[in-house]
Structures are given as structure tokens and as C-alpha cells.
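Just follow the structure's listing: the first ligand is 1, and inside any ligand the first atom is 1.
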Amino acid sequence: MKPDFYFHSPVKVHVEVEPLKVISKFLTGVESVGVVSGKKSIIKTGFKDFLKTSFMDKRIYFFDEVEENPSINTIIKGGRFLRDNRCEAVICFGGGSAIDAGKASAIFAENNLPFYELLASEKYNRALPVLAIPTTCGTGSEVNHYSIITDIEKHDKINFSKPDNFPKEALLFSEYLKSLEEKILIATVFDAFTHAFEGFIATSSNPFTDTLAIEVMKIIIKNLKNYFDGKILSLPELHYASSLAGIVIGHTGTTLLHALGYYLTNHHKIHHGEANALILPTFLNLCRKHNIEKVELVDRIMKDCGLDVKEAVKSIFNVSLTDILNHSELENMVNYALKKPNVLKTPFIVKSDYLLDNLALF
Ligand code: NAP
Ligand code: FE
């Protein structure tokens with residue numbers, strides 16, 4: 001066993017509890033609440049109407065301007081919106097984009113500073129209390145302290161993370177996943193899988209996170225196999241697995257795979273989960289080539305379930321890396337990824353030429 005490690009998971013997670021019950025309790029004593037979201041999910045799920053009719057005694061301010069892969073500008077604007085409306089609490093509703101943006105805005109609301117200044121600052125006021133309600137099943141942002149924010153000018157994804165910027169509470173209500181487009185739903189499932197897999201093999205893994213990661217991979221592999229066999233996906237299971245995986249990366253961070261995926265999103269607007277899925281088969285192979293022992297267990301789980309990840313990725317997304325990137329862009333992707341801090345958690349050292357050759361095979 002590792003000589004020293006920790007486990008810290010402070011978010012109270014309500015699973016499949018009636019939203020009215022959870023939100024009423026969360027808003028006890030709160031007069032003014034900010035709701036941070038994108039434009040689609042809050043309408044399609046009926047959540048906006050539900051809030052307006054159920055909480056007529058509260059002042060509810062809707063900030064629905066969060067775009068996919070939220071930018072620095074958006075979270076600064078969100079922070080100002082919450083501050084100007086004197087919000088005492090925040091509900092983040094949506095996928096990882098809305099939750100990451102809402103969590104970051106909740107801290108900017110209390111700290112009127114430029115982005116990079118607040119990112120670097122060790123002294124800051126605590127964020128407004130957040131209730132996070134995920135409507136995708138991929139990021140696990142509802143249970144960790146990360147906000148992945150895009151610096152548009154630099155084509156870069158920055159992890160705006162503060163040690164205490166966890167949501168106060170989270171609600172997993174899988175009914176909200178039903179309005180999600182199937183391809184995005186599956187892309188987010190792959191994101192959760194990569195969180196578990198990367199967390200499992202990361203140099204920063206520990207026995208707590210390994211236990212969770214194995215559980216996540218078992219749930220997801222079983223569901224992906226069912227999906228291929230034309231059977232029904234279990235949305236509650238996938239929501240749960242995604243949150244567990246969010247706790248895993250909250251401890252371990254992600255690795256080279258995520259760093260490579262960021263490039264595809266930053267430069268080609270490929271959804272984060274799809275980007276990771278497209279890298280996954282190559283990354284699995286790299287781990288095998290470097291004899292990373294833990295991969296044997298993952299391979300066994302996949303084999304027992306009869307899932308071929310490479311085939312699965314091909315048939316779902318119907319595109320390969322080399323369809324998207326020419327050789328010089330592949331090179332740019334590798335150079336970008338090898339500079340990201342995620343690489344430090346990767347359990348093998350990889351040279352750019354070798355990585356490039358392996359990626360070019362797909
Ligand atoms: P997303 O970008 O939040 O959402 C993808 C799309 O699906 C959006 O257009 C969104 O629209 C829509 N959508 C979401 N839920 C819906 C629903 N129930 N019904 C209909 N449409 C729905 O996707 P995501 O994969 O969840 O989040 C990706 C972001 O999270 C990236 O920025 C990534 O870097 C970040 N991330 C964070 C962590 C972390 O640990 N914090 C981990 C991994 C990734 P609306 O937004 O308009 O509703
Ligand atoms: Fe991710």
C-alpha cells in the first residue's frame with residue numbers, strides 16, 4: 001500500500017431524490033438565488049418553469065449564458081451577475097460547462113479580481129454556496145473542485161481550481177438526462193470512463209480512488225456493452241458512475257489523454273467526451289506497451305463483458321483522429337499536450353516522436 005495518501009469528498013450528494021425536496025432545503029433562509037446554466041437543458045428539462053412556479057417566494061436570477069467549454073469572459077460576467085443581484089446562493093444546472101462556470105462564478109462573485117490574478121492568489125473569499133445539478137453523465141464536476149475554463153485567445157483549457165471550491169451539495173436526478181441528445185450522452189459516458197481509467201493508472205492514484213475507479217469502469221463497460229446490444233442504458237447507474245469518477249479525478253487529476261483531448265476541443269470544437277473517446281484506444285495501447293500492470297485488470301473487465309473499445313469508438317463516432325488532423329496538426333496536438341501539467345500524472349514518460357507515431361496509426 002502507498003505510504004501516505006488522503007481522501008476528501010465533502011459534497012453532500014442526493015441521489016434520485018425529488019428536486020423540490022433538495023432545493024427547498026438548500027434554499028432555506030435564502031431570499032435571492034442565482035441560477036447558472038446554458039440555454040438548452042434548463043428549458044428542455046422544464047427546470048426553469050419548475051423553479052419559477054415552485055419558489056415564488058424567492059428572488060430567482062437566471063444567468064443562462066454559459067456556452068460549451070465556458071470562456072474566461074463568461075465566468076467573469078457570471079460572477080458580476082451574481083454580485084450585482086446580491087445572490088446568496090447558486091444553483092448550477094446543466095452539463096460540465098454550466099457546472100464548471102457556475103462554480104467559478106460563485107467564487108468570482110465574492111472576489112472581484114481578474115481571472116489569472118484570482119487563479120494565482122492563495123488568499124481569497126470563500127465562494128457562494130453552490131447546489132450542482134448535472135444533466136449529463138460525464139464530468140463529475142458536481143463533486144469536485146475543478147472548473148475547466150477556456151482561454152479563447154490562447155486556445156487553452158485552464159483548470160481554475162481552488163482547494164475549497166467544492167459545491168456544497170449535488171443532486172443526481174437522472175430524469176434530467178432524458179432530453180440529452182444520444183450522441184452527447186454517450187460522449188459524456190466516455191468522458192467518465194476516461195476519468196476512471198486515467199485516475200486508476202495515474203501516479204497519484206490511491207487505494208480509495210482505485211476502488212471507486214474500478215466500480216465506475218465496471219458500470220460503464222456493462223452499460224456500453226448493453227448499448228451495443230440494443231439494450232437499454234441505465235441512466236441512474238451512469239449518473240452515479242460519472243459522479244464517482246468525478247471524485248476520483250478530484251484526487252488524482254487526469255493524464256496525457258485529457259491533455260491531448262483538450263487540443264481537439266480547443267481547435268476543432270469536438271465535444272470533450274468525444275475528443276477523449278477518440279484518443280482512448282491509442283492511450284490504452286500506449287499503457288499496454290509500457291507494461292502498466294493495472295491495464296490488465298481493465299482489459300479483463302472489458303473482455304469479460306465482451307466490449308471492444310476500439311470498435312465501439314469507431315462505430316459510435318464514425319471518425320478517426322487522422323480524419324480530423326493532418327500530420328502537422330497531430331504534431332501541434334502532441335506539443336500542446338506534452339506541456340500540460342496533466343502529463344506529470346501519466347505513469348510513463350513519452351517522447352513526442354513516439355507519441356506522434358502511435359497517434360498517426362488511428
Ligand atoms: P456540456 O458542454 O456541458 O454540454 C454539451 C451540450 O449538451 C450543451 O449544448 C448543453 O446545452 C447540452 N445539454 C446538456 N444537458 C442537456 C440535457 N439534459 N438536455 C438537452 N441538452 C443538454 O457537456 P459536458 O460534457 O457535460 O461538459 C463538458 C465541459 O466540462 C468541458 O468544458 C470540459 O472541459 C469540462 N469538464 C470538467 C470536469 C471537471 O472535473 N470539472 C471534468 C471533465 C470535463 P446547454 O448548456 O445549453 O444546456
Ligand atoms: Fe473530462
Side chain, backbone, both or neither: the part of Ile249 lying under 4.0 Å from ligand 1 by heavy atom: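 Side chain only; the backbone of Ile249 stays clear of ligand 1.
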
Using a 4.0 Å heavy-atom cut-off, which part of Lys40 comes near ligand 1: side chain, backbone, both, or neither?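 Both backbone and side chain of Lys40 come within 4.0 Å of ligand 1.
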
So between Asn144, Asp191, Thr254, Ile42, whose heavy atom ends up nearest atom 40 (O) of ligand 1?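 Nearest option to atom 40 (O) of ligand 1, by heavy atoms: Asn144.
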
Can you figure out which of His195, Glu274, Glu68 has its heavy atom closest to atom 5 (C) of ligand 1?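 Ranked by closest heavy atom to atom 5 (C) of ligand 1, first place is Glu68.
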
From CA spacing to verdict: side chain to side chain donor-acceptor pair (under 3.5 Å), Lys162, Asn111: CA-CA 13 Å; Lys162 295 282 170 195; Asn111 297 274; over 6 Å; no

Please say yes or no: joined through hydrophobic side-chain contacts below 4.5 Å, possibly via intermediate residues, are Leu359 and Leu280 part of one cluster?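 Leu359 and Leu280: one cluster.
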
Asn266 side chain vs Tyr262 backbone, donor-acceptor pair below 3.5 Å: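 Checked: pair present.
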
Residue-ligand contact Glu181/ligand 1, heavy atom below 4.0 Å: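 No, Glu181 has no heavy atoms under 4.0 Å from ligand 1.
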
Check for me whether Lys178 has a heavy atom closer than 4.0 Å to any atom of ligand 1.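 The answer is no, since Lys178 has no heavy atom less than 4.0 Å from ligand 1.
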
In the protein, what heavy atom is nearest to [atom], and what distance, to one decimal place, separates them?
atom	result
atom 24 (P) of ligand 1	Gly96 N, 3.5 Å
atom 41 (N) of ligand 1	Asp100 OD1, 2.8 Å
atom 22 (C) of ligand 1	Leu180 CD1, 3.5 Å
atom 2 (O) of ligand 1	Ser97 OG, 2.6 Å
atom 34 (O) of ligand 1	Lys157 NZ, 2.9 Å
atom 46 (O) of ligand 1	Gly38 CA, 3.5 Å
atom 38 (C) of ligand 1	Thr139 CB, 3.7 Å
atom 25 (O) of ligand 1	His271 NE2, 2.9 Å

Give yes or no for whether the N/O distance cutoff of 3.5 Å, strictly under, is met between [X] and ligand 1.
X	value
Thr135	yes
Thr188	no
Thr136	yes
Ser179	yes
Ala98	no
Tyr176	yes
His258	no

To the closest 0.5 Å, what do you measure between CD1 (Ile149) and CD1 (Ile75)?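 Reported value, rounded in 0.5 Å steps: 4.5 Å.
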
Atom indices of ligand 1, in the order listed, that fall short of 4.0 Å to a heavy atom of Gly95: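 Taking each heavy atom of Gly95 in turn, ligand 1 has 3 (O), 26 (O) under 4.0 Å.
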
In ligand 1, which numbered atoms sit nearer than 4.0 Å to a non-hydrogen atom of Ser41?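 Numbered from 1, ligand 1 contributes 15 (N), 16 (C), 17 (C), 22 (C), 45 (P), 48 (O).
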
Classify the ring geometry between Phe115 and Phe108 as parallel (under 30°), tilted (30 to 60°) or perpendicular (over 60°).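 Judged by the thresholds at 30° and 60°, the geometry between Phe115 and Phe108 is parallel.
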
What I'd like to find out is whether the side chain of His8 reaches to under 4.5 Å of the side chain of Phe166, using heavy atoms alone.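 A side-chain contact under 4.5 Å exists here.
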
Flag side-chain contact, heavy atom, 4.5 Å: Tyr240 against Cys137: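 No - every pair of side-chain heavy atoms lies 4.5 Å or more apart.
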
Could you check whether [X] pairs with [Y] (Lys NZ or Arg NE/NH1/NH2 to Asp/Glu carboxylate O, under 4.0 Å)?
X	Y	result
Glu274	Lys183	yes
Glu65	Lys77	yes
Asp229	Lys225	yes
Glu237	Lys222	yes
Lys294	Asp210	yes

Between Phe208 and His251 (judged by ring centroids, cut-off 6.0 Å), do the two rings come close enough to count as a pair?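 Between His251 and Phe208, which both carry aromatic rings, the centre distance is not below 6.0 Å.
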
Strictly under 6.0 Å, is that where the ring centroids of Tyr176 and Phe93 end up?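 Distance test on ring centres: under 6.0 Å, yes.
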
For the Fe ion (ligand 2), what is the closest N, O or S atom on His272?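 Result for His272 and the Fe ion (ligand 2): NE2.
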
Hey, which of Asn342, Thr346, Asn276 is the one that makes side chain to side chain donor-acceptor pair (under 3.5 Å) with His258?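 The option that passes is Asn276.
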
NE2 (His258) to the Fe ion (ligand 2) to OD1 (Asp191): angle, nearest 10 degrees?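 It is 100°, given to the nearest 10°.
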
